[in-house]
Amino acid sequence: MKVDISMLLTLVFQASGVSSMGGTEMSEQNRELATIFEVMANVLDIQGENYHRVLAYRRAADSVRALGEPIDKIQSEGRITQIPGIGDILAAKIDEYLRTGQIAAYQKLVNQVPLGLLQILEIPGMGPRRTKLLWETLGISSVDEMEAAALAGQLRQIKGIGARTELKLLDGLRAWRRQRTGRIPLGVAWPLIQEIKRALRDMSGVLQAEPAGSLRRMRETVGDLDLLVAAVDSEQVMVRFRTLPMVDEVLLSGPTKTSIRTMDGIQVDLRVLPPERWGSGLQYFTGSQAHNIRVRALAQEQGLSLSEYGFRRENGAEIVCAGEEAVYMTLGLPWIPPELREDHGEIEAALEGRLPELVKRSDLLGDFQCHTIRSNGDHSLPEMVQAARKAGLHYVVVADHTDGTLCGDGMSMADLDAFLGEVAHLNAQLAGEFRVIAGAEVNIQPDGSLGWPDEVLARLDFVVASVHTDFGLPREQMTQRVLKALRNPYIDMIGHPLGRLLSRREGIDLDMEAVFQEAALRGVAMEINAWPQRLDLNDVYVRRAIQLGVMLGISSDAHDVDGFAVLDFGIAIARRGWSESHHILNTLTVNDVLLWRQRRLTNSRASQRAFE
DNA sequence: GCCGTTTTCGGCCCGACTGTTTTCAGTCG
């Protein structure tokens with residue numbers, strides 16, 4: 001039987017929430033290939049294959065998923081084996097995939113086990129051993145069959161599973177069904193962990209409390225929440241944690257670790273560390289797993305073993321790390337920012353002393369997109385300006401939707417005089433302290449033309465162009481649409497270029513490589529929209545944009561006075577994409593931003609004249 | 001299956017928690 005890859009992708013995405021995890025991928029081929037390797041890893045795991053071989057496939061999947069450029073482009077340039085974790089054998093499989101659209105070894109593997117086992121493997125409490133046992137001894141090959149067997153008390157026939165485990169697996173199965181819709185967006189996870197952190201931090205004897213795991217690395221979505229606490233009396237902290245008001249169920253609880261599930265079905269893991277070992281614990285639990293494996297290998301090269309409790313020499317002597325810096329310093333490395341810890345080149349960069357100086361929130365002087373009651377915002381222009389000042393900004397682009405964008409009523413061209421007058425009036429009042437930039441967010445029509453004519457756009461000081469309709473255009477047409485908008489000299493930035501809404505809407509189908517090249521050529525910025533449901537561009541594209549010399553701008557897309565707080569998430573995505581301050585347009589002063597724009601306008605007029 | 005300035009073979013991170021165990025396997029992160 002030939003397994004239809006798209007069907008399998010659907011199955012696996014549903015099972016793992018992968019589609020909302022990585023967001024829009026660099027290309028359909030990258031995504032499909034990553035999933036193929038992931039599936040191969042899981043099948044091999046179930047079959048009891050050598051674990052390191054399994055890991056090799058997982059690592060390859062992760063590498064391909066994180067690529068900043070289309071895999072066929074890398075292939076055509078002969079750089080496949082330069083991808084971390086891709087050796088000769090996997091390179092041949094990639095080649096086979098790109099030539100024929102399939103991989104024989106993959107077909108063979110998926111024919112060896114029922115695909116339902118891949119879903120069973122996703123259930124909390126089920127690993128490869130048990131999945132295999134269920135299949136071999138009870139013939140269970142789907143989640144539904146497993147549930148029926150558990151309800152009938154048949155799972156306990158299996159060696160190593162008793163009545164308690166059977167109940168736990170049933171719980172896990174139900175949690176899996178609830179959660180299969182996807183992972184938790186950063187915008188949900190972050191406030192929740194802060195709330196829990198505050199509740200524990202207040203306790204006497206608690207010295208530190210910080211998020212760890214993918215949350216500290218600021219991934220756009222997280223599977224569960226990790227919180228780390230340094231305290232002398234761990235039991236006291238565990239008791240408080242288990243009895244927090246949002247706790248629905250305690251999953252497990254020991255002296256160093258407790259896991260709970262909240263009323264919303266979110267799992268939160270708390271670990272308590274002795275204060276003197278805070279650094280090694282924080283480093284360890286921040287991950288990622290791939291990063292830690294590399295760090296541990298470095299330790300081993302130096303005759304050290306590293307765990308969450310610190311280093312141990314071969315003679316048993318300990319090196320205890322109270323701070324995270326000490327962990328990296330022991331290995332001869334500078335401290336690596338959590339956002340980079342994905343084993344996507346940060347270890348090599350650290351070894352060679354070329355870690356990026358990542359952009360910080362305090363570097364941001366302005367914001368390129370906020371909305372007022374002129375379109376679909378909740379507050380007036382003066383109120384939004386006041387809020388932007390309170391957020392520590394020095395300038396803000398007020399970029400209401402233009403009419404006809406389906407986002408509220410929109411600002412009409414007839415409103416423009418009144419808008420420009422209000423901006424001028426505010427700027428006169430604020431002279432020297434703050435600058436309001438008169439802008440607009442104009443729609444990119446399906447044919448690539450813009451919602452307003454050029455002579456109207458020319459009256460504005462900053463124009464964001466975004467796709468708000470006709471999200472389903474085919475790739476070629478969608479790409480031409482955005483490219484045409486990019487060639488309009490009055491466009492300063494493409495807003496939320498992927499057009500996705502996390503776990504609600506897939507991104508538009510766009511040849512981002514072509515778009516970036518055009519943006520770099522024209523000197524148009526690409527937006528990092530910080531709104532938590534967007535985070536658009538995402539980290540992978542940010543890194544690629546930087547490689548191609550594209551200027552980036554971070555926007556809050558604030559629709560109310562509280563909306564500027566999300567700039568933190570925009571900064572997080574920029575940092576995950578290895579952005580330094582000079583890659584980010586709004587680290588410039590307002591005058592330099594206007595100069596940047598003026599230069600592009602002058603250049604485009606000059607080239608226009610040359611063309612004529 | 002990957003990888004290499006101790007290398008082309010033999011390593012590949014490591015500990016907590018649980019449940020079912022009479023000493024440990026499986027899962028998890």
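Within every chain, numbering begins at 1; the chains are lettered A, B, ... in the order of the sequence lines, protein sequences first and strands thereafter.
Around the NZ atom of A:K108, the shell of radius 6.0 Å holds no more than 12 heavy atoms that belong to other residues, nucleotides or ligands.
At the heavy-atom level, A:I123 lies under 4.0 Å from the strands shown only through sugar-phosphate atoms. Among the atoms of the strands shown, only primed sugar atoms or phosphate atoms (P, OP1, OP2) are found under 4.0 Å from some heavy atom of A:R164. Nucleic acid contact for A:K93: sugar-phosphate only, since backbone atoms but no base atoms lie under 4.0 Å from a heavy atom of the residue. Counting any heavy atom pair closer than 4.0 Å across all strands shown, A:Y284 reaches a base atom. Residue A:K159 is classed as having no contact, given no heavy-atom separation below 4.0 Å to the nucleic acid. A:S259 comes within 4.0 angstrom of nothing in the nucleic acid, heavy atoms only. Counting any heavy atom pair closer than 4.0 Å across all strands shown, A:L55 reaches no nucleic acid atom. Among the heavy atoms of the strands lying under 4.0 Å from A:A163 are primed sugar atoms or P, OP1, OP2 only; no base atom is included. Residue A:R271 is in sugar-phosphate contact alone, with no base atom involved, counting any heavy-atom pair closer than 4.0 Å across all strands shown. Backbone-only engagement by A:Q300 is indicated by non-hydrogen atom pairs under 4.0 Å involving sugar-phosphate atoms exclusively. The residue A:R58 sits apart from the nucleic acid: no heavy atom pair falls under 4.0 Å.
Taking atom NZ of residue A:K257 and atom P of nucleotide B:dA16, one finds them 11 Å apart after rounding to whole Å. Rounded to whole Å, the distance from CD1 on A:I293 to P on B:dC3 is 14 Å. What separates CG of A:L134 from P of B:dA25 is a distance of 20 Å, to the nearest Å. Put simply, OH on A:Y51 is 10 Å from C1' on B:dC13, counting in whole angstrom units. The interatomic distance linking A:I161 (CD1) with B:dT18 (C1') rounds to 13 Å, in whole Å.
In this model, a donor atom of one side chain and an acceptor atom of the other lie less than 3.5 Å apart for A:N42 and A:R58. If you check the side chains of A:D269 and A:S259, you find a donor sitting under 3.5 Å from an acceptor.
Closest-nucleotide positions on DNA chain B for A:E301 and A:F285 were compared, and the one nearer the 5' end corresponds to A:E301. Comparing A:T81 and A:T256 by the nucleotide of DNA chain B that holds the closest heavy atom to each, the one mapping nearer the 5' end is A:T81.
Across B:dT21 and B:dC14, the matching C1' atoms stand 23 Å from one another, rounded to whole Å. With P as the reference atom, B:dC3 and B:dC13 are 14 Å apart, rounded to whole Å. With P as the reference atom, B:dT22 and B:dG26 are 13 Å apart, rounded to whole Å. For the P atom pair drawn from B:dC28 and B:dT23, the interatomic distance equals 25 Å after rounding to whole Å. B:dT5 and B:dG1 have their C1' atoms separated by 23 Å, given to the nearest Å.
Within the structure, every side-chain polar atom (N or O) of A:K168 is placed at least 4.0 Å from both OP1 and OP2 of B:dT18. The phosphate of B:dC14 (OP1 or OP2) has a side-chain N or O of A:S305 nearer than 4.0 angstrom. Residue A:R312 places at least one side-chain N or O under 4.0 Å from the OP1 or OP2 atom of B:dG15.
Under the Watson-Crick or G-U wobble criterion, with both distances below 3.5 Å, B:dG1 is paired with B:dC12.
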- Query: Do A:R313 and A:E318 pass the salt bridge (charged side-chain N to carboxylate O under 4.0 Å, His left out) test, and can you show the C-alpha distance, the side-chain angles, and the key distance before you say yes or no?
  - Reply: CA-CA 6 Å; A:R313 293 189 197 282; A:E318 275 196 306; over 6 Å; no
Tabulate below the donor-acceptor pairs under 3.5 Å that side-chain atoms of residues 194-206 of chain A make, not counting sequence neighbours, or state none.
none

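With a 4.5 Å cut-off on side-chain heavy atoms, A:E324 and A:T286 count as touching.
In this view, A:E136 and A:K132 satisfy the side chain to side chain contact (heavy atoms under 4.5 Å, CB included) rule, not counting sequence neighbours.
Counting only heavy atoms from C-beta on, A:R296 has its side chain closest to B:dC13 among B:dC2, B:dC13, B:dG26.
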